[in-house]
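Working notes for the structure below.
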Amino acid sequence: MEDQLSRVFAALADPTRRDIVARLAVRDATVGEIAEPYDVSVQAVSKHLKVLESAGLVSRTRDAQRRPCHLEAEVFDLMTKWIERYQKEAEERFSRLDDLLERMDDDGAVRPPTQDDRKRGAAS
């Protein structure tokens, strides 16, 4: 899992690849269609697509003579779970800091938590 996650984040580190992902989120497209707005060769765009494919973000299918690229949206679930885990931990730390700051007076002294403070902490 971590290896794929590293490949996904590395693939998305490039702004051109992020733009390609954003465009594929709207609709599937061929390499030529993807290359149109960029001032680079089709081969350069193809290299970007290979990076996205190796990360599992993009797949290519065959539709008669066309080979459209398709965004594999379920890979974003992997990223979302990873981000949510650390987001939850950060929110818990901020909540504890908020509680501490609420109990701090102007001189920096901290009063012990009251019963209400403990109840509020358990609810959040």
Side-chain angles (χ1 to χ4, degrees):
M1 175 175 127
E2 192 67 36
D3 191 45
Q4 182 182 15
L5 190 60
S6 295
R7 286 193 310 269
V8 169
F9 281 120
L12 294 174
D14 183 274
T16 301
R17 289 193 287 265
R18 287 193 305 272
D19 188 61
I20 290 170
V21 166
R23 292 177 56 218
L24 289 174
V26 176
R27 69 175 185 87
D28 292 357
T30 64
V31 176
E33 292 167 339
I34 293 169
E36 283 175 12
Y38 303 112
D39 192 24
V40 296
S41 67
V42 172
Q43 291 82 4
V45 170
S46 187
K47 286 182 182 181
H48 282 298
L49 286 167
K50 285 182 181 167
V51 172
L52 292 169
E53 279 184 283
S54 72
L57 287 162
V58 170
S59 64
R60 296 185 203 203
T61 57
R62 185 172 297 282
D63 180 18
Q65 297 299 318
R66 295 179 75 234
R67 295 223 8 153
C69 299
H70 172 77
L71 183 65
E72 297 296 337
E74 61 275 354
V75 174
F76 290 98
D77 291 340
L78 175 70
M79 295 172 55
T80 300
K81 287 177 186 170
W82 184 85
I83 290 168
E84 285 175 346
R85 182 175 114 203
Y86 291 103
Q87 179 182 11
K88 182 180 177 193
E89 289 177 14
E91 287 171 353
E92 288 171 358
R93 283 195 319 271
F94 283 127
S95 178
R96 288 192 304 270
L97 179 59
D98 284 343
D99 292 343
L100 177 67
L101 292 174
E102 283 181 20
R103 292 186 287 118
M104 193 177 271
D105 65 20
D106 292 338
D107 296 328
V110 180
R111 68 169 169 75
T114 65
Q115 189 68 21
D116 287 340
D117 292 331
R118 286 189 204 97
K119 285 179 186 175
R120 195 172 47 245
S124 55

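Everything numeric in this text was worked out from a predicted model, so none of it was measured. One-based numbering along the sequence shown.
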If I compare all heavy atoms of [X] with all of [Y], which pair ends up nearest, and what's the gap?
X	Y	answer
A55	V75	O-CG1, 4.3 Å
A11	R17	O-NE, 2.8 Å
V42	A35	CG2-CB, 4.0 Å
I20	V45	CD1-CG1, 4.4 Å
A29	L24	N-CD2, 3.7 Å

With a 3.5 Å distance limit and no angle check, can you tell me whether [X] reaches the backbone of [Y] through a side-chain donor-acceptor pair?
X	Y	answer
T80	F76	yes
R18	L12	yes
D107	A109	no

Under the side-chain contact (heavy atoms from CB on, under 4.5 Å) test, residues paired with R62 that sit two or more places apart:
R67
For F9, all residues meeting ring pair (Phe, Tyr, Trp, His ring centres under 6.0 Å), sequence neighbours excluded:
W82
M104 side, atom CE; L100 side, atom CG - distance, nearest 0.5 Å:
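Atom-to-atom, M104:CE and L100:CG are 4.5 Å apart.
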Tell me the salt bridge (charged side-chain N to carboxylate O under 4.0 Å, His left out) pairs involving residues 23-37, sequence neighbours left out?
R27-E33, E33-R66
Do [X] and [Y] sit in the same hydrophobic cluster, where Ile, Leu, Val, Met, Phe, Trp and Tyr count as joined when their side-chain heavy atoms come under 4.5 Å apart?
X	Y	result
Y86	F94	no
V110	L101	yes
I34	V51	no

How about [X] and [Y]: do any of their side-chain heavy atoms sit closer than 4.5 Å?
X	Y	value
E53	S59	no
D14	H48	yes
R60	H70	no

I'd like to know if D3 pairs up with R7 as an ion pair, taking the criterion as any Lys NZ or Arg NE/NH1/NH2 lying under 4.0 Å from an Asp or Glu carboxylate oxygen.
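Yes.
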